[in-house]
Amino acid sequence: MADASFAGAPDDPRLKGLDKPGEDPAQDDGWSWMAPGLRRGRLRVRTLLAQRWLWVVGQTAVLLVAGLGLKLHVPWALCFTLIALSAWLNVLLGLASSGQRLARDGEATAQIAFDILQLSGLLYLTGGALNPFSLLLIAPVTLSAATLPARYAIGLGALAIASSIVLAIFHMPLPTLEGAPLHYTPSPLMLGIIVTARIIGIILTAAYAWQAASESARMELALNVTETVLAREQRLSALGALAAAAAHELGTPLATISVVSREMARNAVSEEIREDAELLIGQAARCREILARLTEMPEAKDAVHERMSLVQLVQDVIEPHLVHGIRVEAVVNGPAGDTAPDVWRRPEIIHAMTSIVENAVDFARSEVIVIARFDARYVVIEARDDGPGFSPEVLAKLGEPYVTTRPGAEGSRTGHIGMGLGFFIAKTLLERTGATVDFRNGRRGGAVVSARWPRPALEAPGYIGV
């Protein structure tokens, strides 16, 4: 079990075509430039308009406080012209398009670039780099890093950095009380340090926003795939319930058909009628055989079929992997004299543990052991293999989506191609049932993955038949 690419990830259409040689997953349509197949968050036009209205209101308030409250000498006409330009742009955009529409990448980039230039114009009129509000140039760059593809976000970051540098060289005087001259002018070295600090702030804040947005997108897609897996397992369980119910309901009419057919064959007045009656008897017997197979592993949602023994659970987990040339065994241990408890039949537990065992089979040298332990407080199911174990770099990242070193299908016993989602899916499904999942390397080598439940969360209460 040398990596985290467990089986179980479905053929989600969002993941198809991402592993083809020579294909660039970071396309121009907004796909993440960090992880293939991940869609970055996109902005609605209404969101851009709302944020610009906040800029308009905030800038107006600051100018009024500075000019009327603090009595600073502010170039009112030019400043309010720039603010009015933002307001008119918002009005025109609001009339021209639906606010619910998603903004195209180029459109969003143009609007954010306008915001950077408009803010830079205000800063030019009010002291340039010496104005403490020049720090606000970080905001639009952060927004672009969180929502736009690489080249757009980098371009807007470069625009903000260029604006910071230009504002350090070219700007009007910083407003002072009653128009008095500025008594302190920083040295070129100090001004360079201030601008450099702001540039570093723009870069680091944008990088932080990009990383957080990328991780959020990765987790969202992985959770969506997990939901798909769980829904599929639940549909299969429901299909089993339907089959069991159908088998139960069809048993009585088939028995009636058999009895009537035998009577027809016994009292047939001609050979042709007797042959037809015998055909009915044979087909009815065949139907009963089919229904018997359907009811061998019933999934019906009733007090009997919703439960299974702990022994049966681990047998169901290892059964699909007994054909790969690796010895796979199940062991159930508990306190002396205690009987293994019955547990709820949970498709997510069976799917997750089956995926974990499949991964162990792929990396085992000769054997995989599935151990179920129980006591008065806990039930633990543990999969052990005698393979190379988890590598340190994989062990540090287990539990995250898209972590894999699994070989292709030609190098895998089970034929599974890892996408790095399987263990994430298995871990998420098990944790939803109340399990604590642990993964480590065994003291004698090999990998160990275990799931531990409080016994009341997994145990089915005693059933009394009527």
Side-chain angles (χ1 to χ4, degrees), residues 13-14 24-63 79-123 133-164 202-203 205-221 223-224:
R14 293 163 294 185
D24 182 10
Q27 299 296 331
D28 297 340
D29 59 354
W31 293 92
S32 169
W33 38 295
M34 176 181 178
L38 301 184
R39 184 68 177 175
R40 305 297 298 273
R42 291 180 63 184
L43 292 168
R44 288 182 299 175
V45 172
R46 187 177 70 177
T47 302
L48 290 169
L49 298 181
Q51 290 180 340
R52 190 167 297 108
W53 283 123
L54 288 176
W55 278 106
V56 169
V57 172
Q59 291 168 357
T60 302
V62 169
L63 283 177
C79 288
F80 278 111
T81 298
L82 288 175
I83 295 175
L85 186 60
S86 284
W88 274 111
L89 177 64
N90 253 18
V91 171
L92 293 176
L93 291 175
L95 295 175
S97 62
S98 169
Q100 296 297 335
R101 178 176 63 82
L102 288 176
R104 293 182 295 273
D105 292 333
E107 177 185 359
T109 301
Q111 293 198 43
I112 295 174
F114 171 84
D115 292 335
I116 293 175
L117 294 175
Q118 188 264 357
L119 178 60
S120 299
L122 282 176
L123 293 172
F133 287 101
S134 59
L135 184 66
L136 292 177
L137 285 171
I138 292 176
V141 178
T142 302
L143 177 63
S144 66
T147 59
L148 295 176
R151 71 174 189 271
Y152 296 113
I154 293 174
L156 291 171
L159 177 62
I161 290 173
S163 297
S164 298
I202 290 173
I203 295 173
T205 306
Y208 178 85
W210 163 75
Q211 184 178 13
S214 296
E215 183 64 24
S216 177
R218 287 160 58 91
M219 191 64 67
E220 180 182 1
L221 178 57
L223 289 174
N224 287 341

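In this text the structure is predicted, and so the values were computed from the model without any measurement.
Here the closest heavy-atom approach between residue Ala108 and residue Ala103 is recorded as CB-CB, 4.2 Å. Among all heavy-atom pairs drawn from Ser163 and Leu137, the shortest one is CB-CD1, 4.5 Å. The minimum heavy-atom distance linking Ser86 with Val56 is given by the pair CB-CG2, 3.7 Å. In this structure, Leu49 and Asn90 approach most closely via the heavy-atom pair O-ND2, 2.8 Å. Taking all atoms of both residues into account, the shortest heavy-atom contact from Leu156 to Ser144 is CD1-CB, 3.4 Å. Heavy-atom minimum distance, Val141 versus Gly157: CG1-CA, 3.9 Å.
Interatomic distance, CD1 of Ile203 versus CD1 of Ile154, reported as 11.0 Å (0.5 Å rounding). Note that CG of Leu148 is 4.5 Å distant from OG1 of Thr109, once rounded to the nearest 0.5 Å. Taking CD from Gln118 and CG from Leu123, the interatomic distance works out to 9.0 Å, rounded to the nearest 0.5 Å.
Leu89 places none of its side-chain heavy atoms less than 4.5 Å from the side chain of Gln111. At least one side-chain heavy atom of Leu93 sits under 4.5 Å from a side-chain heavy atom of Arg52. Considering only heavy atoms from C-beta on, Ile83 comes within 4.5 Å of Leu122 through its side chain. Between Ile112 and Leu143, the closest side-chain pair of non-hydrogen atoms falls below 4.5 Å. In this structure, the side chains of Thr60 and Phe80 come closer than 4.5 Å at one or more pairs of heavy atoms.
In the displayed structure, Phe133 atom CZ is contacted under 6.0 Å by at most 12 heavy atoms of other residues, nucleotides or ligands.
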